[in-house]
Amino acid sequence: MSTVAQEYMNGDRPGPLTREIPECMRDKYTVVQSIIDLIVFAIVGIGYIIRAIYRSIVGYQKKDLKGSIALVTGGGGGLGSLIALRLARLGCTVILWDINKQGLEDAVKLVKGIGGNCYGYVVDLANREDIYRVAKKVEEEVGRVTLLINNAGVVSGQYLLDTPDHLIQRTFDVNVLAHFWTVKAFLPTMIEHNDGHIVTIASMAGYIGVSKLVDYCSSKAAACGFDESLRMELNSRGIKGIHTSLICPFFIRSTGMFDEVNARLVPQLNSNDVADRVVLAIRTNEAVALIPGFFRVLLPFRWIVPWKCLGDFIKVIVPDAAPHSAQNSPTTLLPSNPSPLHTKHESRPMSLVPPERHDRQV
């Protein structure tokens, strides 16, 4: 590309059309261009909205995941193991990462027990070098990861001033920073093949602050920003074959993290239903999935109603995210010793064979 053309593209040199416009008219020309841009944007935006409404009525086409290699962090129990089972049933080769060796072995056996192809790796997700090391090992031993699900998460459940520094550091290491390292490890090969899907399991706590979850809510808000920024970056680079999905559920019961949470009005979510919803979002390339769905209607009020009203409403929905009895329970409060890191508290995956339901969509 010539120097003149490069300067023109960078805005350092006026184009031929601009030179023909008198100096006194250039401001008006800019206003006209802005109006034209807004009209074009409105037309395109309306088209996207109409298409979204149409798709919400007739449904989205589900992509076939058979033959994909899916990696699930925090797969040694809880939601991660349930997602792994569903992906295995759809024909994926499943790779599970977890710090909990016993839970990891149990989850691998269960996935293999339903005829799935599964591998387990013990990984410290708070350790960047360990993530890079095991990621390289996975690509050598299993193959190219095409579906990355950043699911692992930890919670302390204490008032900020009562939370030890190392627990705050661990929350961000696992809930946010690990996403950077896993994506940097697997995204280059996805870009090379223009094929891949990155899923961020965040939380509604990423949009709404809750008492006793200052570190957790902050980390999940960062995870939401990570997903949106990554999606924008891929789009600006013209990479169309790689999709991202942000999953924001309300509190989930039976995962070992929020089993004792005191919630009103909005019941805690069934972990099997959430796992189904995650897989559905993956198969339809859904950008953002709020669970339950009616939060899409309620969430805009966060910026409309006065803060006092919002604060009182949140206190009604979640009077206590970590009751005193739960704080003293080993299934809710993570060990105070920062090494080794425990992302899950149960040594075995939960539930694993969901009850038969005819309305399940995966």
Side-chain angles (χ1 to χ4, degrees), residues 62-125 130-153 174 178-179 181-183 185-186 189-190 195-201 245 247 252 254-256 271-272 274-283 341-355 360 362:
K62 299 176 184 177
K63 63 183 180 183
D64 185 9
L65 297 179
K66 187 175 183 180
S68 300
I69 297 180
L71 189 150
V72 184
T73 67
L79 181 62
S81 61
L82 295 178
I83 294 173
L85 285 168
R86 285 153 175 77
L87 294 176
R89 292 192 185 102
L90 293 172
C92 292
T93 296
V94 180
I95 302 166
L96 303 180
W97 281 11
D98 207 300
I99 193 67
N100 185 342
K101 184 177 180 180
Q102 183 60 54
L104 188 63
E105 292 175 352
D106 292 344
V108 170
K109 289 178 183 178
L110 284 161
V111 174
K112 289 183 176 180
I114 63 170
N117 189 18
C118 186
Y119 302 83
Y121 293 85
V122 176
V123 183
D124 182 357
L125 290 167
D130 199 34
I131 291 174
Y132 286 156
R133 176 185 63 82
V134 180
K136 184 177 180 180
K137 188 176 181 181
V138 164
E139 291 189 329
E140 291 174 351
E141 296 179 354
V142 184
R144 181 176 67 89
V145 172
T146 55
L147 175 56
L148 171 62
I149 303 176
N150 283 312
N151 163 74
V174 177
H179 296 197
W181 317 141
T182 57
V183 170
F186 297 112
T189 54
M190 292 183 182
D195 176 39
H197 199 134
I198 298 170
V199 181
T200 300
I201 306 295
S245 294
I247 313 297
I252 309 172
S254 303
T255 63
S271 51
N272 282 301
V274 175
D276 289 336
R277 188 67 180 84
V278 171
V279 177
L280 179 62
I282 293 170
R283 296 193 67 190
L341 174 68
H342 293 278
T343 58
K344 301 293 179 186
H345 319 293
E346 298 180 354
S347 62
R348 59 179 178 81
M350 37 160 267
S351 102
L352 304 181
V353 180
R360 290 196 180 279
V362 298

Taking [Y]'s backbone N and O only, do any of them form a donor-acceptor pair with [X]'s side chain (distance below 3.5 Å, no angle check)?
{"X": "Thr73", "Y": "Asn151", "result": "yes"}
{"X": "Ser81", "Y": "Ala107", "result": "no"}
{"X": "Asp130", "Y": "Asp124", "result": "yes"}

Residue from Ile83, Val199, Leu79, Thr200 passing side chain to side chain contact (heavy atoms under 4.5 Å, CB included) with Ile247: Val199
As an exercise, state the distance from [atom1] of [X] to [atom2] of [Y], rounded to the nearest 0.5 Å.
{"X": "Glu105", "Y": "Leu96", "atom1": "CD", "atom2": "CG", "value": "12.0 Å"}
{"X": "Glu139", "Y": "Ile69", "atom1": "CD", "atom2": "CD1", "value": "9.5 Å"}
{"X": "Ile95", "Y": "Lys137", "atom1": "CD1", "atom2": "NZ", "value": "12.0 Å"}
{"X": "Ile282", "Y": "His197", "atom1": "CD1", "atom2": "NE2", "value": "6.0 Å"}
{"X": "Ile131", "Y": "Phe186", "atom1": "CD1", "atom2": "CZ", "value": "9.5 Å"}

Leu82 and Val278: CA distance, side-chain angles, deciding distance, side-chain contact (heavy atoms from CB on, under 4.5 Å) verdict: CA-CA 10 Å; Leu82 295 178; Val278 171; over 6 Å; no
[X] vs [Y] side-chain heavy atoms within contact, under 4.5 Å:
{"X": "Asp106", "Y": "Gln102", "value": "yes"}
{"X": "Leu147", "Y": "Leu87", "value": "yes"}
{"X": "Arg133", "Y": "Val123", "value": "no"}
{"X": "Tyr121", "Y": "Val142", "value": "yes"}
{"X": "Tyr119", "Y": "Thr93", "value": "yes"}
{"X": "Arg86", "Y": "Val94", "value": "no"}
{"X": "Ile198", "Y": "Met190", "value": "yes"}
{"X": "Ile201", "Y": "Ile149", "value": "yes"}

Minimum heavy-atom separation for [X] and [Y], please, with both atom names.
{"X": "Val111", "Y": "Ala88", "value": "CG1-CB, 3.6 Å"}
{"X": "Ala70", "Y": "Cys92", "value": "CB-CB, 4.4 Å"}
{"X": "Ala185", "Y": "Ala135", "value": "CB-CB, 3.7 Å"}
{"X": "Gly75", "Y": "Asp98", "value": "N-OD2, 3.5 Å"}

Over 12 non-hydrogen atoms of neighbours within 6.0 angstrom of NZ in Lys109: no
